[in-house]
K.L.:
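Provided herewith is a single structure, encoded as structure tokens, for subsequent inquiry.
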Amino acid sequence: MMRAAPVLHALTPTLLLGATALAAPVLDSAQGSVELQQAGGTWMPRAASGEITLGLRTGAGRAEIRAGAGRVTVGSASRLRRYLDEVDLQQGRFYLRGPAAVHVQGQHLVMDGAGSLRVDLDGPVRRVAVITGQVRIDRSGRVTTVRGGQQLDLHSGQLSAFRETDPWYAAQFRGEGSASVQATRGAVTLGRAGQTRGAVIGDTLEIGATLNTGAGAWAEVGFTGGGYLRLNEQSELSVLSVDRTDRGREVLLKLARGTAWNVVQKGQGGYRIDTPVVSTAVRGTVFRVDADGLVKVFEGQVALPSSADQAVSAGQQRSGAGTVGTLVPDATDRFNQARDAERARPLSLTLPRAPLSLSDLILSARSLPDATLSAQVAGQRVPLNADGDTFRLERLAAPLPEGTYPVTVTAERFGQTLTRTVTVTVDRSAPQADLRAERRGHLLLLSGAVTDAVPGALTVTARIGPRSYTRRVTSGEPLRWALPLADPTAPVQVSARDAAGNERDAALR
């Protein structure tokens, strides 16, 4: 999903004197989602490397651009255009190696010699930060020199010290990764591509997706490789990028309001959450972060990537003002801890043990109430409907022909999977009863045989006047049954029923 381009600053055609000779920008390589702008303003997936004629944008991807003698790495969820035969960096994050000449939202930037810098245009801090070497920036006719270890705030024009703490550009992008909705309660909505609908389990959160929770609602988002985030009530979360780095998978999220509870498994990589006042880089921990900057750490450690901030360790919390003190749990924390314990319960799945004989495929199973169950039968996969911890398969759209079928039921819950198989025989044919009835004083003697297309036990019911008697018999075996006959003239009716419920009255001889 692509974000709308921001309104550009007024562009100036003035170029810095002594700037590196201009050369048309060329796309050298691309990974993941990378699109080039075509005539008429349409965007198409890049087919091959080549000259950038109008513009380029990335989703969950990365692009390498040759700009004269320099290089530009384009991060996820970023956008640039071609302007005066240079790249004009408009939105997102970029890493440049000199010598290079580019525009940054209309402001001309030149690095005459070797060196490196980063440009960040996707958060509250919009800056040019020089790692090595030096650059000159023409800001509406005023030239500023920025040296290694310095950064220029593009809003205020102020220079300050810079120390690199997030070298995203040093990593290699290896795939799109994924974040998906694993559980919801209450009013949870998913917005993407300008449309909003109720979020459902299994929704994948793509670049630009926004998840919102209402009063008393929450949603859990699971990440590739393990770990999850629980968005508490009255909260909003958006996905800015999904990258895989040399340190592990990284999903860049933005918490605009509310509270997010996070459980990140050790060794699975991690993710960052940007709020209006704090950015957290996480690996192997359990913590809470609020949009107002509150960070509470329950396990592990949360690194706050800023030279002015210290890490927050287990048993500590950091206020929005930056003060670190002793952790004080509240009702929100206790709710999340209880929910974590519920989520950690081992998955279970119970099916009927014996083979089943049914007239139609109706099946019940038991599992945890928030599990998802499906059945595979005769080449079809169908969901089971939940009613608490009981799940039911209620007849297929097209009834199965008579016969015996293996039915495989799969239960899934937060990355756990269990599979069980039961044999079901679909039988719609009633038993055949060949019986003889003899009245001998106060006894009724039944003899003969009851047979069914499906071998197994059958139930024979004899009704003598107002009284009924039942007996279990095996299909095809001889039957001899003596029953009391209080009234020698009482009417007699006999029926046979199989395990599938098919029943037929016997014609007595």
Side-chain angles (χ1 to χ4, degrees), residues 2-30 33-46 48-59 61-112 115-123 126-130 134-146 152-155 157 169:
M2 302 296 178
R3 295 174 291 179
V7 177
L8 296 179
H9 298 286
L11 296 180
T12 171
T14 304
L15 297 181
L16 291 169
L17 295 177
T20 301
L22 300 181
V26 175
L27 173 63
D28 265 356
S29 63
S33 174
V34 178
E35 296 178 315
L36 294 174
Q37 191 173 29
Q38 309 296 310
T42 60
W43 293 88
M44 297 291 292
R46 81 333 178 205
S49 60
E51 184 176 333
I52 299 172
T53 57
L54 293 175
L56 176 145
R57 68 182 183 183
T58 61
R62 185 165 296 184
E64 291 288 338
I65 295 173
R66 185 170 70 252
R71 309 278 299 182
V72 179
T73 299
V74 184
S76 291
S78 301
R79 177 172 173 158
L80 60 84
R81 74 170 189 167
R82 177 170 169 171
Y83 174 70
L84 296 178
D85 282 334
E86 293 181 350
V87 294
D88 179 21
L89 312 180
Q90 297 179 327
Q91 171 185 307
R93 56 184 183 175
F94 308 87
Y95 174 66
L96 287 73
R97 284 86 78 205
V102 301
H103 283 80
V104 179
Q105 293 186 336
Q107 303 172 46
H108 199 224
L109 179 153
V110 170
M111 175 175 276
D112 290 311
S116 61
L117 69 142
R118 61 182 291 169
V119 178
D120 296 294
L121 304 173
D122 61 352
R126 295 175 179 262
R127 67 182 179 184
V128 171
V130 179
Q134 69 177 34
V135 302
R136 290 171 294 132
I137 304 176
D138 181 352
R139 303 179 65 249
S140 301
R142 180 180 177 181
V143 178
T144 301
T145 299
V146 186
L152 175 70
D153 187 309
L154 295 174
H155 285 304
Y169 46 81

K.L.:
Do the charged groups of Asp153 and Arg127 touch, with an N to O distance under 4.0 Å?
P.N.:
no

K.L.:
Using the rule given for side chain to side chain contact (heavy atoms under 4.5 Å, CB included), can you reason through Arg97 versus Thr73, listing the C-alpha separation, both sets of side-chain angles and the distance that settles it, and then say yes or no?
P.N.:
CA-CA 9 Å; Arg97 284 86 78 205; Thr73 299; 2.8 Å; yes

K.L.:
Calculate, to the nearest 0.5 Å, the distance between atoms CG and CZ belonging to Asp120 and Phe94 respectively.
P.N.:
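Here the interatomic distance stands at 9.5 Å.
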
K.L.:
Compare all side-chain heavy atoms of Val110 with those of Val135 and state whether any distance is below 4.5 angstrom.
P.N.:
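No, side chains not in contact.
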
K.L.:
Hey, is the main chain of Leu89 close enough, under 3.5 Å, to the side chain of Gln91 for a donor-acceptor pair?
P.N.:
no

K.L.:
Would you sort out whether Val34 and Leu56 count as a side chain to side chain contact (heavy atoms under 4.5 Å, CB included), showing the intermediate values?
P.N.:
CA-CA 7 Å; Val34 178; Leu56 176 145; 4.0 Å; yes

K.L.:
Between atom CD1 of Ile137 and atom NE2 of His108, what is the distance when rounded to the nearest 0.5 Å?
P.N.:
11.0 Å

K.L.:
Could you check whether any side-chain heavy atom of Val26 comes within less than 4.5 Å of a side-chain heavy atom of Ile65, counting everything from C-beta outward?
P.N.:
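Result no, sub-4.5 Å side-chain heavy-atom pair not found.
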
K.L.:
Please test Asp28 against Arg71 for side chain to side chain contact (heavy atoms under 4.5 Å, CB included), starting from the C-alpha separation and ending with a verdict.
P.N.:
CA-CA 10 Å; Asp28 265 356; Arg71 309 278 299 182; 2.4 Å; yes

K.L.:
Check whether any side-chain heavy atom of Glu51 lies under 4.5 Å from a side-chain heavy atom of Arg82, and answer yes or no.
P.N.:
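In short, these two side chains touch, coming nearer than 4.5 Å.
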
K.L.:
Nearest 0.5 Å, please: how far is CG in Leu27 from CD in Glu64?
P.N.:
9.5 Å

K.L.:
Please check if the side chain of Arg79 supplies one atom and the backbone of Gln90 the other of a donor-acceptor pair under 3.5 Å.
P.N.:
no

K.L.:
Heavy atoms, side chains only, cut-off 4.5 Å: are Leu154 and Leu121 in contact?
P.N.:
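They are in side-chain contact.
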
K.L.:
Checking the side chain of Arg93 only, and the main-chain atoms of Gly75 only, is there a donor and an acceptor separated by less than 3.5 Å?
P.N.:
no

K.L.:
Is there side-chain contact between Glu35 and Met44, with at least one heavy-atom pair below 4.5 Å?
P.N.:
no

K.L.:
Below 4.5 Å, heavy atoms only, C-beta onward: do Val130 and Arg118 meet side chain to side chain?
P.N.:
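No, their side chains stay 4.5 Å or more apart.
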
K.L.:
Give me the atom names and distance for the closest heavy-atom approach of Ser116 to Met111.
P.N.:
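That closest heavy-atom pairing would be N-CE, 3.7 Å.
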
K.L.:
Could you report the tightest heavy-atom contact between Ala39 and Leu54, atom names first, then the distance?
P.N.:
N-CD1, 3.7 Å

K.L.:
Taking NZ, NE, NH1 and NH2 as the nitrogens, is one of them in Arg136 or Asp138 under 4.0 Å from a carboxylate oxygen of the other?
P.N.:
no

K.L.:
Asp88 side chain to Gln105 main-chain N or O, any donor-acceptor pair under 3.5 Å?
P.N.:
yes

K.L.:
Keeping Ser78 on the side-chain end and Thr58 on the backbone end, is there a donor-acceptor pair under 3.5 Å?
P.N.:
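Here the side-chain-to-backbone pair does not exist.
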
K.L.:
Search all heavy atoms of Val72 against all heavy atoms of Ala67 and return the closest pair with its distance.
P.N.:
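So the minimum-distance heavy-atom pair works out to CG2-CB, 4.4 Å.
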
K.L.:
How long is the span from the OG1 atom in Thr145 to the CG atom in Leu152, to the nearest 0.5 Å?
P.N.:
10.5 Å

